Structure formats: C-alpha cells, structure tokens
Amino acid sequence: MIRVRFAPSPTGALHIGGARTALFNWLFARHHGGKFILRIEDTDRERSTQESNQAIFRGLDWLGIDWDEGPNNGGPFGPYFQTERLAIYHDYAQKLIAAGQAYHCFCTPEELAVKRAAAEARKEPPRYDNSCRRLAPEEVQQRLARGDKHVIRFMLPAAGESIVEDLIRGRVVFKNEVLDDFVLVKSDGFPTYNFACVLDDHLMEISHVIRGDDHLSNTPRQILLYQAFGWGLPRFAHIPMILGKDRARLSKRHGATSVIAYNDIGYLPDAMINYIAKLGWGHGDQELFSRQELIESFSLEGVTKNPAIFDLDKLNWLNGQYIRNILPERLVDLCEPLVVAKYGRQDFTYLSRVIRLFQDRLVLIPDIVNLCGYFFEKVTAYDPKGAEKYFKKDNAKAILSALGQRLGQLDPFVKEHIEAVFKELAKEMNLKLGEVIHPCRLAISGRTETPPMYDVVELLGKEQVSARIQSALAYL
RNA sequence: GGCCCCAUUGUCUAACGGCUAGGACGCGACCCUCUCAAGGUCGAGAUAGGGGUUCGAUUCCCCUUGGGGCUACCA
C-alpha cells in the first residue's frame, strides 16, 4: 500500500514550495491508488498558530488537493496534529533511554552557546561535546527529581555511515562522525522535528517520504533513529527546491509567496497546479495538463534534480490558456463580483455578454475591470494619441455624423446590419473600413483598442451608441 | 568552517555515450486583421571552466567555480 504524507508546520500560509510538495505527494498517491495523509507538525510552540492551520487548509482547498487522512476527516492513524501525540513521543523517548540509545542532557542553551563559540574559535565543527553522556545515573535521577530543565538527546553510534537510497538522487552517503548527539525532546517536552517525523512516518505506515531537498541532510539522523528502533526505512525522494529570481530561497522578498494570494491576484487554481507541477517535473513536451492527465502521467522518474526558479511569465501564459478554455459561464461567475464592485449592479444578461467579449483578452481575472469600463460608464475622456490620430482629421466630423445618423435609424440593431452600415458608409465615402471604424471606436469607448467593433456597437445598443457619437461630435 | 545536493539558452525543461542539442514561456519579425488580444509561421538565444575515460561526450570520472541546503531545545 502506497502511503505518502504532506507534513507542513503551521508557521505561516501555505506557500509555493509547500504547495508543490503537497501536489507531488498527492499526485503520487492518486497515481498509485494510495493514500495521501496530511499531518500538521506544530511542535514549535513559539511559531505555530491556529491561523496558519486554517491558511494551510484553505490553500490546499483552493488547489483542490484533498487528503484521505488528516485533520477534519481523521483516519486510523490519528491524531494528525503532532501536539496531540505528545504521549507517543514521550513513550518512545523513554524506550530509547531504557535501551541506552538516548540520555538526559542538562546543559543550558547558554552553556551550549559558549561551547559552540569556543569550538568555532578553535576552528572545529560546532558539535555537542556529549558531556551529559557521562553523568552518573544517580545524579541524573537526582536532577530529574529536582525538576532541572533538560532535553533528551540521541546517543549517536560511534562510527559508520548512513546511506540514503534516494529515489531521485540515487545513493547519498553520510559519515556518522559529522553528526552529533542531536536533541530528540526539547526542554518544554515537545519533540524535535527529526524525532517526531520518524515516529509518525513509521507509526502512520508511510511508504514514501517525498519532501523538499532541504531535508536531505536531515535524513541520516532520521535513518539512525529508524535503526535505533529496529524499524525498516520508508523510501525517500527529495525533490528540488523552488527558488526566487535571485536564486535564493523563496521568501516574502519575492512578492506573493502564499498560494492563496495568487487567488486574490486572479490566477486560476488549475493554472497554478499546472504550473507548479511543471516546476521540477515534466512529461515529454506536454505543457498543458488537466488534473486527470497529471495523475496519469506523474512519476518520480520525471522529477528533475536541479532547483527551479519561480517565474511569473509562464504562470501568466498558463493562466491565459486556462481562462480561454473555461466555460464562458464560469468566466462570468469569476468576473461578475469584480465588475459589480467597480461599476455597480448591472443587468445580468448584459454583464455576462460583456464579460464574454473579453475572454481572449484576459491574463488575470481582474484584468476585466480595466478593460470593460466603457460598457458601464459614460465616456469622459478620449485616448490622447487616438484623438490626435482619428479626431483631428478633416473628415472626422463628416464620418461620425453620417455614422451616427445611420446607426440611429437602424432597426433591428443587430450585428449583421451594423456591419452593413459601416461597409456601405466606407464605400460611399470612398474610405477604407478602418477609417470609419477607428474614429467610431474612439467615440464610443474613448479607447483605441476594444473587442471587434460590430460586437461592441451591438452590445452597447442604439441609444448609447448614438449618444456617444453625439458627444464626440460636440467634442470635435 | 565541516558535510551534503545541484549545474543545458533570460526562465521551465528534452536529449538516459552517437543526426544540424528538441520543446515551452519570454523576446523579435511576419501572417491574419477594424484596433487590442487570440491564433499561425519564422528567427535570435544554451551544454559554467579545466582536465581525463572513449572511436565519440550534454551524458561517465576528477578538480575549479557558482548556487542552494544542513550544521538549532525551527521545521
């Protein structure tokens, strides 16, 4: 049974890197018909917050990544919040102590800082000096009874190597001597990441640990723990990180990092999924993937080793692709609130026809607001360059006035007839079609670029078109 | 500092020892066209550097350089 997990720590919103780790795990599970588990690693009491939990749920929800076991829906291996599993960590820590593979350490953070500084001054690696290993059992009992602050440390095997057989990177060997007696349980009684992670992955029967590259160096410590407990290892797959434009780890400095912020900016979740799936993974030359196609094609073999830079250009292109491909009704649903917020309540039929006119012209959903204004508001200004070009001509007045007159008499006011009016007028006045259309466009929209003119004229309606042409004539 | 990972156009990537190093975004030109988009065609643009191994290296090995990670009572 394939069982994978996404294990974020709730110290902020779900961001791009986390979202992709979640996605790869989810795709892997869905591809193999396995289970995808969400586990919240909230053992950092200082930084974990309830709001972050919610933000992570919302982010996953927005992306459409659902979990088979985890918070809210539970599961047979719960609880899925690490802070609710404290008794488990405590038990296993005691087992390790009893087996002589872990010990109590009473060194204070201050003492450790001094030792570390001294080691660095001697140009030695800043490792723990194992001093508490040698404490007499009586002294340990005494200090424990006294309630002295302490941590529990892992007793590192003296020598040997820890070998990570990584599904993406191949065999990676670490010498145990470069590690030190790392902390398993903090003085507040909470487990550290490496300890809780191993226990939970084992207890939750995780088969594949798919996680960011930043954990590769942690893996030897974890392997040592699996071995101390006599447990088999899960398969490991370390995926490359996502970096910002400056090749540094993605952070606030790189703009929007939380996945939900992209919703607010106007990206579609499917476009985001498609984009982050392709960051560090590929399948031939295919660029566009539906969810179903991603599930079908995804495999760890297709994952690259090199870090990827998060670049908005391709996301923008993808978003445009997705906007063009969604059902017009759905586009209307997405755009309506924004348009209403800006221009007030509108007749729905009219509003939805307007929005559909712009389906090929949006990169981001909110682009609609700035493109469609003249359909809801009077034209109060003319594009200066356009006015210079189309209104300053000698025949501008004649064209607009003739056009206004004919359109004013047109009945029914429909596209085919409107088109005929423009064509006939151009012919009669011995003008190119554009010479009629351009001034008209400027007159009725104030702009030099709009959707095709006959559509705009028809949708705006006879009354508006006539009025706007009159205003333009007055302006001339 | 020590250990580990990574290295193909500006960006995402393909080529898993063998054609003129392929595709996508972006960029430029052209076509379409009433404008803007969309769409189509074409173009510029890369194997970080140096050593090996080999008949032959993007591909395998080593060194250098560059970037990233871990080295916490963060995860």
Side-chain angles (χ1 to χ4, degrees), chain A residues 7-11 41-44 46-48 82 105 107-109 112-113 116 119-120 123-127 149-153 164 166 168-169 172-175 177-180 182-194 196-197 211-221 238 240-241 243 245-249 275 278-282 284-288 301 304-318 320-321 324 358-363 371 386 419 422 426 432-438 440-442 445 447-454 456:
Chain A
S9 67
T11 54
E41 307 213 327
D42 52 355
T43 55
D44 184 342
E46 304 281 301
R47 300 194 302 147
S48 298
Q82 289 190 325
C105 168
C107 298
T108 65
L112 293 173
R116 201 173 302 129
E120 274 173 46
K123 291 190 178 165
E124 285 169 18
R127 291 190 293 150
K149 278 219 155 207
H150 65 277
V151 299
I152 297 173
R153 282 184 188 273
V164 184
D166 193 271
I168 292 166
R169 271 145 231 288
V172 184
V173 179
F174 296 86
K175 290 194 171 64
E177 64 197 28
V178 306
L179 272 22
D180 66 356
F182 56 93
V183 174
L184 302 177
V185 179
K186 302 180 253 183
S187 59
D188 62 3
F190 281 59
T192 56
Y193 163 72
N194 282 309
C197 177
R211 74 215 322 183
D213 219 354
D214 46 338
H215 291 299
L216 183 58
S217 300
N218 280 317
T219 311
R221 295 184 184 80
H238 288 94
M241 302 191 65
L243 308 177
K245 258 191 147 35
D246 55 0
R247 302 206 154 262
R249 199 186 197 133
Y275 179 67
K278 293 253 330 162
L279 275 187
W281 173 83
D285 284 343
Q286 191 171 349
E287 297 290 339
L288 265 25
E301 287 75 59
T304 55
K305 294 196 251 199
N306 43 318
I309 291 171
F310 185 83
D311 179 36
L312 238 33
D313 281 335
K314 193 142 187 181
L315 211 210
N316 286 338
W317 173 75
L318 273 168
Q321 292 292 318
R324 264 162 255 143
F358 291 96
Q359 185 153 7
D360 278 354
R361 292 166 172 75
L362 305 181
V363 171
L371 289 175
E419 180 172 356
F422 276 90
K432 288 203 284 197
L433 193 52
E435 293 178 279
V436 181
I437 285 177
H438 294 311
C440 175
R441 169 174 288 115
L442 189 61
S445 72
R447 301 183 169 224
T448 54
E449 85 299 332
T450 71
M453 198 71 289
Y454 312 137
V456 175

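What's counted below: heavy atoms across the whole structure, side chains too, no hydrogens, waters or symmetry copies. The structure presented is a predicted model; accordingly, all values stated were derived computationally and were not measured. Every chain is numbered from 1, with letters handed out A, B, ... down the list of sequences.
Judged purely by atom type and a 3.5 angstrom limit, A/R127 uses its side chain to pair as donor or acceptor with the backbone of A/L179. Under the 3.5 Å distance criterion, the side-chain polar atoms of A/T43 are left unmatched by any main-chain donor or acceptor of A/F190. In this structure a side-chain-to-backbone donor-acceptor pair under 3.5 Å is missing from A/R169 to A/D213. Here the side chain of A/D166 pairs a donor or acceptor atom with the backbone of A/H238 at under 3.5 angstrom. Within the 3.5 Å criterion, the main-chain N or O of A/K245 finds no donor-acceptor partner in the side chain of A/D311.
Ring geometry for A/F422 versus A/Y454: interplanar angle of 30 to 60°, hence tilted.
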Q. Along nucleotides 26-41 of chain B, 5' to 3', which nucleotides get a B, which get an S, and which get a -, given that the test is a protein heavy-atom distance under 4.0 Å?
A. S-------BBBBSS--
Q: Go along nucleotides 65-75 of chain B 5' to 3' and tag each nucleotide: B for a protein heavy atom under 4.0 Å from its base, S when only backbone or sugar atoms are that close, - otherwise.
A: --SSBSSSBBB
Polar atoms only, N or O, under 3.5 Å: list the protein pairs with nucleotides 14-17 of chain B and their distances.
none

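Note on A/G280: only backbone sugar-phosphate atoms sit closer than 4.0 angstrom, heavy atoms only; bases stay farther off.
Summary of the strand contacts: A/L279 and A/E287 both lie near RNA chain B, and taking for each the nucleotide with the nearest heavy atom, the more 5' one is attributed to A/L279.
For the P atom pair drawn from B/rC62 and B/rU53, the interatomic distance equals 15 Å after rounding to whole Å. Going from the C1' atom of B/rG40 to that of B/rC32 covers 8 Å, rounded to whole Å.
Searching all strands for a Watson-Crick or G-U wobble partner of B/rG45 with both distances below 3.5 Å returns nothing. Base pairing of B/rG1: its partner is B/rU71, meeting the Watson-Crick or G-U wobble criterion (both donor-acceptor distances under 3.5 Å). Partner assigned to B/rA24 is B/rU11, using Watson-Crick or G-U wobble distances below 3.5 angstrom. The nucleotide B/rU53 finds no pairing partner, because no Watson-Crick or G-U wobble arrangement with both distances shorter than 3.5 Å includes it.
Rounded to a whole Å, the CG atom of A/L318 is 9 Å from the P atom of B/rC25. Taking atom NZ of residue A/K245 and atom C1' of nucleotide B/rG10, one finds them 8 Å apart after rounding to whole Å. In this structure, A/Q286 atom CD and B/rC25 atom C1' are separated by 16 Å, rounded to whole Å.
Considering every non-hydrogen atom in both A/F358 and A/L371, the closest pair reads CZ-O, 3.6 Å.
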